[in-house]
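Below is one structure; the comments refer to it alone.
Every number for a ligand or one of its atoms is a count from 1 in the order of the listing. Values reported hereafter were calculated over all heavy atoms of this structure, with side chains retained and with hydrogens, waters and symmetry mates removed.
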Amino acid sequence: MVKISDYNDISAVEAVQQALDKVAASESYHALLSLTKERALERAAAVDAGEITGKLAGVPFVVKDNFLAFGAPTTAASKILENFQAPLQATAVERLEAEGAICIGKANLDAFAHGGSTENSAYGVTKNAIDQTRVAGGSSGGSAVVTALDIVPFALGTDTGGSIRQPASFNGVVGVKPTYGTVSRYGVVAMASSTDTIGTFATTADDASLVMAIMAGKDERDMTTLPDFFGAEVLKPAQKIGIIREFMSDDVDEEVRDRVIEYAEKLKTAGHIVEEVNLPMIKYGVGMYYIIVPAEISSNLARYDGIRYGVRAQNVQTLAELYGRSRDEGFVTENKRRIMIGSYVLSSGYFDAYYQQAQKARTLLINEFNALFETYDALIGPVSPTPAFRIGENAEDPVKMYLADIMTVSASLAGVPAISVPAGTTSDGLPVGVQIIGQQKSDAQLLALASSQEEN
Ligand code: GLN
């Protein structure tokens with residue numbers, strides 16, 4: 001697979017042109033919603049002329065279409081933002097551009113990042129890079145697929161409850177959900193503000209680390225950002241690793257469990273101590289997540305009212321009708337479901353029973369993670385209970401779809417870093433990822449551990 005260092009020897013214009021040619025040859029995957037071709041070629045010429053330099057000079061990349069970026073609309077894969085031209089760029093994009101990287105296009109996602117299969121895009125489903133009858137995963141499905149197809153060496157995504165890790169595992173690439181607050185979310189369409197994170201897909205852990213280190217750090221326009229800890233972190237190798245027992249039950253696909261066990265064996269061979277651990281609160285993770293996250297969504301999505309942005313319903317008589325019709329036409333079913341669940345759990349009389357209980361449970365979950373991190377440097381387990389499922393298989397059953405998030409939502413609720421690394425395939429050739437979770441700010445350490453296990 002292509003790596004960032006492979007771009008050292010070709011000109012930026014050639015690199016961008018090659019990426020665009022590969023996009024044209026991969027149209028059937030429907031991984032991209034738009035191209036930023038003109039701007040990309042202009043920037044590439046500037047790199048070749050020596051006007052733009054940096055650690056990623058001339059390296060093409062893709063962003064999920066919920067990042068504001070110049071050169072193409074930012075739709076968040078929704079109709080309500082169809083044709084929305086960003087007036088500014090996301091800090092993450094700006095930082096990569098400052099190092100000479102070149103954004104070539106914007107990837108498909110579940111509308112507003114609500115989903116785990118990219119089937120909720122208002123513009124059609126993205127197909128899995130290995131088997132086109134299967135889902136790409138989601139919500140950052142398009143970004144995972146362009147990385148897996150070697151169109152670009154890295155692509156950005158957002159992960160609120162698994163949206164980078166799960167598609168990474170479904171397509172056989174590395175995916176990083178950093179510590180909450182690592183990368184500024186300024187200029188990225190908000191989903192759930194207490195768990196939204198910006199991360200990347202790459203083909204190696206070292207490349208992912210490089211990209212994360214460039215994006216990380218304080219940004220005064222996002223008050224939740226942490227001072228850059230990526231470079232400062234002491235890279236002590238992980239010693240003790242726990243396998244999360246709750247994730248290895250019979251409900252989990254046997255081949256997925258086998259790949260995790262093999263990965264654990266490899267870690268043991270490399271000299272790590274690997275033991276089974278319990279994280280009992282994790283079984284309530286999906287329950288907490290699907291109360292807290294819709295609550296935050298219902299608030300964050302209130303701004304899409306048909307007046308300030310995007311699509312506005314026509315031929316309406318009253319203001320209420322304008323709001324109602326614009327939102328009805330502009331959101332997909334899953335967006336509406338979450339707005340309704342969120343409004344319900346926040347409403348008077350139900351707030352205590354749902355939202356407040358979920359937040360209390362979240363604290364207990366965080367305590368359990370913290371207790372484990374006193375003894376263990378990292379925890380491992382599957383990313384998803386199954387490999388990529390078939391397109392349409394879970395689409396009609398939201399609860400089934402939500403339950404598939406069981407292994408990723410807890411790290412999001414706890415704000416801890418979690419990465420997905422390729423760990424082989426099933427007998428059908430479908431990729432399986434292993435998840436490595438660490439304590440806050442151990443991101444670079446987790447990536448170093450993953451890197452040490454990669455075959456060169
Ligand atoms: N699948 C999860 C959800 O639907 C995660 C989404 C995400 O991380 N954006 O909420």
Side-chain angles (χ1 to χ4, degrees), residues 63-67 76-78 107-121 125-126 135-144 155-170 175-178 180 183 185 188-201 285-298 300-301 331-342 345 358 362 382-386 388-389 393-395 397-420 433 435 437:
V63 296
K64 185 176 180 177
D65 198 23
N66 56 353
F67 285 73
S78 74
N108 199 10
L109 63 148
D110 290 295
F112 287 100
H114 303 173
S117 65
T118 314
E119 292 170 293
N120 293 335
S121 167
V125 59
T126 295
V135 299
S139 62
S140 316
S143 299
L156 302 191
T158 56
D159 189 315
T160 300
S163 277
I164 292 176
R165 289 163 282 162
Q166 183 252 34
S169 101
F170 282 7
V176 184
K177 180 210 99 69
Y180 179 75
V183 179
R185 294 161 309 165
V188 178
V189 176
M191 176 177 165
S193 302
S194 79
T195 67
D196 281 349
T197 60
I198 309 289
T200 194
F201 296 87
V286 167
M288 297 172 215
Y289 178 88
Y290 279 100
I291 291 172
I292 294 167
V293 166
E296 295 180 18
I297 287 172
S298 70
N300 276 330
L301 266 51
F331 288 131
V332 301
T333 302
E334 185 60 26
N335 303 145
K336 294 178 208 168
R337 183 178 291 127
R338 292 184 188 212
I339 291 168
M340 286 193 282
I341 295 172
V345 298
R362 182 184 194 172
V383 178
S384 170
T386 63
F389 42 90
E393 193 176 325
N394 291 348
D397 185 347
V399 174
K400 209 169 153 198
M401 197 71 114
Y402 296 169
L403 286 172
D405 295 332
I406 180 111
M407 288 153 178
T408 47
V409 293
S410 292
S412 297
L413 291 166
V416 295
I419 64 178
S420 171
Q435 186 173 203
I437 307 174

*Dump the intermediate steps for side-chain hydrogen bond (donor to acceptor under 3.5 Å, both in side chains) on Thr158 and Asp196, then the final yes or no.*
CA-CA 7 Å; Thr158 56; Asp196 281 349; over 6 Å; no

*Please answer whether the main-chain N or O of Gly141 pairs with a side-chain N or O of Thr118 as donor and acceptor at a distance below 3.5 Å.*
yes

*asked:* I'd like to check which ligand 1 atoms, numbered from 1 as shown, lie under 4.0 Å from a non-hydrogen atom of Ser139.
replied: 9 (N)

_side-chain hydrogen bond (donor to acceptor under 3.5 Å, both in side chains) between His114 and Asn335, worked out_ = CA-CA 7 Å; His114 303 173; Asn335 303 145; 2.8 Å; yes

Would you mind telling me if ligand 1 is within reach of the side chain of [X], the backbone, both or neither, using heavy atoms under 4.0 Å?
X: Ala113; value: both
X: Tyr289; value: side chain
X: Phe112; value: neither

When you compare ligand 1 with [X], is there at least one nitrogen or oxygen pair between them that comes in under 3.5 angstrom?
X: Met191; answer: no
X: Gly138; answer: no
X: Thr158; answer: no
X: Thr160; answer: yes
X: Asp405; answer: yes

*For Tyr290 and ligand 1, answer yes if some heavy atom of the residue is under 4.0 Å from a ligand atom, otherwise no.*
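True for this residue.
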
_Residue-ligand contact Arg338/ligand 1, heavy atom below 4.0 Å_ = yes

*For the residue pair Ser117 and Phe389, establish whether any side-chain heavy-atom pair is separated by less than 4.5 Å.*
yes

*Taking all heavy atoms of Phe170 and all of Ala136, pick out the closest pair and write down the distance.*
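Looks like CB-O, 3.8 Å.
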
_Candidate list Leu301, Ile297, Thr333, test side-chain contact (heavy atoms from CB on, under 4.5 Å), partner Arg338, passing option_ = Ile297

*side-chain hydrogen bond (donor to acceptor under 3.5 Å, both in side chains) between Arg362 and Thr195: does it pass, once the steps are laid out?*
CA-CA 12 Å; Arg362 182 184 194 172; Thr195 67; 5.8 Å; no

_Can you confirm whether or not the ring centre of Phe112 sits under 6.0 Å from the ring centre of Phe331?_
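Centroid separation for Phe112 and Phe331: below 6.0 Å.
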
_For atom 6 (C) of ligand 1, the option (of Pro398, Ser163, Ala404, Gly157) bearing the nearest heavy atom_ = Ser163

